[in-house]
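All remarks here apply to the structure that follows.
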Amino acid sequence: MMRLFVGLELPWDVKERLSGLAGSLQGARWVPPENYHLTLRFIGETPHHVAEEIDHALAALRLRPFDLRLTGLGAFHKGGRPTQLWVGAARCEPLDRLQGKIETALQRVGLPAEKRRFTPHVTIARLDNVSEASAAGFIGQHNLFAAEPFTVGEFVLFSSRLGKERSVYTAEVEYELA
Ligand code: 3AM
């Protein structure tokens, strides 16, 4: 079995800009810059033969490269508490189209539909016991954040190994946009 997700790798200069946001927020576990990514579709534990079918389906997608800009901050909540701090992506039609095509391709392979709405984001911290007020304060302080736009020339099938300290993400297959 492999734990899989589809996402975008980020250029180093963008990762550097994002890492500049890591600062004082009690209870934040900052994501190490090498782990920054934008998830297009979480897949989860997958038998090897299904992973091969997924690979074939993704390899058949034909889409053009496009520009993407990361901007703004936000948080995801669970049970009324902030759990995840993220940088968003500027509204981008080609990104939505890519995500939609991936979703359709995976459903054709037989995966159940993703029920959650696509909220393009890069997680920069996981939050333990951070109050809504301090998360909102941090977001307000950095809300004008905008990284340089970059060209998305590929998307990636990642495997993820969950560790105690940090997860290890490996780019298993890269799919070029051309
Ligand atoms: O891109 P982010 O960091 O928001 O939280 C996991 C991470 O999201 C998410 O998939 C991304 C790559 O690991 N993830 C983990 N388990 C998940 C699940 N059961 C999940 N997303 C949806 N359902």
Side-chain angles (χ1 to χ4, degrees), residues 1-12 14-22 25 27-48 50-51 54-55 58 68-92 95-96 98-107 109-130 132 135 138-139 142-143 145 147 150 152 154-175:
M1 296 284 265
M2 305 173 84
R3 185 180 170 85
L4 297 176
F5 68 97
V6 183
L8 300 180
E9 186 66 86
L10 306 173
W12 262 108
V14 172
K15 289 186 174 180
E16 247 169 31
R17 283 294 316 281
L18 293 176
S19 69
L21 289 166
L25 180 62
R29 281 181 291 129
W30 298 98
V31 172
E34 66 268 23
N35 275 5
Y36 291 149
H37 62 270
L38 188 153
T39 299
L40 294 167
R41 172 57 143 92
F42 180 75
I43 300 174
E45 290 295 337
T46 312
H48 279 271
V50 179
I54 289 172
D55 173 37
L58 295 178
L68 185 66
R69 184 184 186 87
L70 299 181
T71 180
L73 269 75
F76 289 141
H77 294 77
K78 206 181 214 169
R81 278 194 166 271
T83 54
Q84 224 171 306
L85 189 63
W86 46 259
V87 170
R91 191 94 210 128
C92 176
L95 179 67
D96 290 342
L98 173 62
Q99 191 271 339
K101 293 249 181 191
I102 290 168
E103 179 62 32
T104 308
L106 294 180
Q107 287 182 26
V109 168
L111 302 194
E114 171 63 70
K115 291 198 190 73
R116 297 187 299 187
R117 198 165 52 89
F118 179 48
T119 309
H121 67 276
V122 177
T123 301
I124 58 168
R126 311 214 174 259
L127 308 178
D128 302 318
N129 281 314
V130 174
E132 178 57 37
F138 188 90
I139 289 167
H142 295 283
N143 212 23
F145 176 86
F150 63 96
V152 177
E154 61 184 27
F155 65 98
V156 180
L157 181 61
F158 287 100
S159 66
S160 141
R161 274 181 297 126
L162 302 179
K164 249 192 218 127
E165 292 293 316
R166 61 175 64 175
S167 301
V168 177
Y169 302 134
T170 306
E172 297 289 342
V173 192
E174 285 152 8
Y175 306 95

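Computed from a predicted model, the values in this text were never measured in an experiment. Counting starts at 1 for both ligands and their atoms, in listed order. We number each residue from 1, following the sequence as shown.
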* Asked: Quick one: are Leu157 and Tyr175 in side-chain contact, heavy atoms under 4.5 Å?
  ->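 They are in side-chain contact.
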* Beyond-backbone contact of Thr123 with Tyr36, side-chain heavy atoms, under 4.5 angstrom ->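 No - every pair of side-chain heavy atoms lies 4.5 Å or more apart.
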One pair per line, please: each N/O atom of ligand 1 matched with every protein N/O atom under 3.5 Å away, atom names first, then the distance to 0.1 Å.
from: ligand 1; atom 1: 1 (O); to: His37; atom 2: NE2; distance (Å): 3.0
from: ligand 1; atom 1: 1 (O); to: Thr39; atom 2: OG1; distance (Å): 2.5
from: ligand 1; atom 1: 3 (O); to: Thr123; atom 2: OG1; distance (Å): 2.9
from: ligand 1; atom 1: 3 (O); to: Arg126; atom 2: NH2; distance (Å): 3.0
from: ligand 1; atom 1: 4 (O); to: Gln84; atom 2: NE2; distance (Å): 2.7
from: ligand 1; atom 1: 4 (O); to: His121; atom 2: NE2; distance (Å): 2.6
from: ligand 1; atom 1: 4 (O); to: Thr123; atom 2: OG1; distance (Å): 2.9
from: ligand 1; atom 1: 16 (N); to: Arg3; atom 2: NH2; distance (Å): 3.2
from: ligand 1; atom 1: 21 (N); to: Arg116; atom 2: NH2; distance (Å): 3.1

* **Residue from Arg161, Glu45, Glu172 passing side-chain contact (heavy atoms from CB on, under 4.5 Å) with Met2** =>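 Filter result, single survivor: Glu172.
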* Without hydrogens or angle criteria, can the side chains of His77 and Glu132 be said to hold a donor-acceptor pair below 3.5 Å? ->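 The criterion, which ignores hydrogens and geometry beyond distance, is satisfied for Glu132 and His77.
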* Side-chain H-bond candidate by donor/acceptor type, Gln99 with Glu103, under 3.5 Å ->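 Gln99 vs Glu103: no donor-acceptor pair found between side chains.
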* Asked: Does the ring center of Trp30 lie less than 6.0 Å from the ring center of Phe138?
  ->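 Aromatic pair counts; centres sit under 6.0 Å.
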